[in-house]
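Data block below; observations after.
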Amino acid sequence: MRPHRAYSPGLTGVLPLRESRHLLEVLRARVGDRFTVFDAEREALAEVVELGPPVRYRLLEERRPEREVGVEVALYPALLKGDKLAEVVRAATELGATRIQPLITRHSVPKGMGEGKLRRLQAIAVEAAKQSGRLRVPEVLPPIPLGEVPEAAQGLVAHVGASALVREVLDPLKPLALAVGPEGGFAEEEVELLQEKGFLPVTLGRRILRAETAAIALLALGTAGEGR
Ligand code: SAM
């Protein structure tokens with residue numbers, strides 16, 4: 001079987017059905033095949049002992065790789081049209097976000113999110129955590145109105161026309177909260193409200209980025225660009 005990481009909460013020795021099916025139907029697993037299992041706290045080398053489904057496995061060797069940024073990283077992307085948040089959640093998970101909570105803003109076209117879509121975004125976060133070798137799956141939470149964003153110890157809001165650079169203002173030791181606007185941008189009062197909550201407006205360069213590109217760029221500057 002080719003190398004694989006499977007999400008198995010609690011490392012109980014039994015794979016969830018979705019993971020089991022992937023192992024059996026896509027990877028054609030056989031008894032004795034080895035793969036990696038992980039949950040929010042642990043990662044281990046495992047061996048298939050029974051195909052099921054569900055696939056049963058035994059743990060061979062536990063590992064503790066460091067894949068986290070080292071501080072909490074909350075991303076507040078505005079609600080976006082269509083399936084664009086899926087791209088944001090996937091990339092944000094790869095880039096180390098620990099919490100993703102969409103915002104209902106004045107210019108967001110969608111004004112809410114159904115249960116099904118939220119669950120799908122959560123499943124995307126699990127997949128992206130697996131793919132990027134993370135043990136911790138970021139929380140993906142239901143949207144809140146922008147006015148309910150909690151105070152940030154260190155907040156950055158991407159805003160067209162701002163002049164501060166992320167690298168000039170970033171304190172890598174402090175938890176980070178990042179806000180990005182919708183397709184139509186933030187209203188000026190919304191940026192002011194975020195500023196009152198501790199968010200500093202920052203630029204992402206001279207070009208106007210799509211909202212989903214902006215979320216990825218802002219996170220990349222706060223995490224990957226710092227080598228973490
Ligand atoms: N006309 C809108 C405006 O002026 O805000 C454009 C919105 S842009 C498509 C969507 C979001 O991406 C913005 O609200 C902002 O958060 C972020 N963004 C895009 N380009 C940016 C840039 N060059 N600097 C900072 N933020 C940017």
Side-chain angles (χ1 to χ4, degrees), residues 69 71-113 117-118 120-121 124-125 128 138-172 174-226 228:
V69 170
V71 293
E72 295 298 297
V73 181
L75 177 68
Y76 297 102
L79 278 174
L80 300 175
K81 289 193 236 167
D83 210 23
K84 293 175 187 167
L85 274 183
E87 186 182 334
V88 171
V89 167
R90 181 174 296 109
T93 304
E94 291 170 16
L95 288 164
T98 54
R99 183 148 65 94
I100 302 166
Q101 182 148 43
L103 296 182
I104 304 163
T105 69
R106 178 162 322 158
H107 300 311
S108 302
V109 175
K111 295 293 180 198
M113 183 189 289
K117 181 152 187 180
L118 180 64
R120 190 167 157 266
L121 293 179
I124 287 172
E139 281 183 288
V140 182
L141 299 168
I144 49 168
L146 181 134
E148 289 178 19
V149 171
E151 297 270 336
Q154 172 175 228
L156 304 176
V157 49
H159 189 42
V160 175
S163 54
L165 302 179
V166 174
R167 72 172 140 81
E168 287 171 352
V169 295
L170 186 74
D171 178 347
K174 278 192 182 168
L176 191 55
L178 305 169
V180 181
E183 292 89 345
F186 283 123
E188 278 309 319
E189 314 87 84
E190 291 179 322
V191 176
E192 283 162 22
L193 188 58
L194 287 170
Q195 281 180 276
E196 285 165 24
K197 289 171 183 279
F199 286 75
L200 188 77
V202 289
T203 177
L204 295 174
R206 295 173 179 161
R207 293 151 300 282
I208 310 287
L209 308 180
R210 287 187 308 157
E212 56 276 35
T213 311
I216 296 167
L218 183 57
L219 257 167
L221 289 168
T223 64
E226 296 293 303
R228 59 188 187 150

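Both ligands and their constituent atoms are indexed starting at 1 by order of listing. The residues of the chain are indexed from 1 along the displayed sequence. In this text, all values refer to a predicted model and were calculated from it rather than measured experimentally. Only this structure's heavy atoms are used, side chains among them; waters, hydrogens and symmetry mates stay out.
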Note every protein N or O atom lying under 3.5 Å from an N or O atom of ligand 1, pairing the names and giving the distance.
residue	atom	partner	partner atom	Å
ligand 1	16 (O)	Ala158	O	2.6
ligand 1	16 (O)	Gly181	N	2.9
ligand 1	20 (N)	Leu209	N	2.9
ligand 1	23 (N)	Gly205	O	3.0
ligand 1	23 (N)	Arg207	O	2.7
ligand 1	24 (N)	Leu204	N	2.9
ligand 1	26 (N)	His159	N	3.3

When you compare the side chains of Thr98 and Glu72, does any donor N or O come within less than 3.5 Å of an acceptor on the partner?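 Checked: Thr98/Glu72 side chains pair up, N/O donor to acceptor below 3.5 Å.
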Restricting to side-chain hydrogen bond (donor to acceptor under 3.5 Å, both in side chains), what partner residues turn up for [X], sequence neighbours left out?
{"X": "Glu188", "result": "His159"}
{"X": "Thr93", "result": "none"}
{"X": "Thr223", "result": "none"}

Any Lys/Arg nitrogen of Arg106 or Glu189 sitting under 4.0 Å from an Asp/Glu carboxylate oxygen of the other?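 Judged by the 4.0 Å cut-off on N to carboxylate O distance, Arg106 and Glu189 do form a salt bridge.
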So does Arg167 pair up with Glu226, basic N to acidic O under 4.0 Å?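 Not counted as a salt bridge, because no side-chain N and carboxylate O are separated by less than 4.0 Å.
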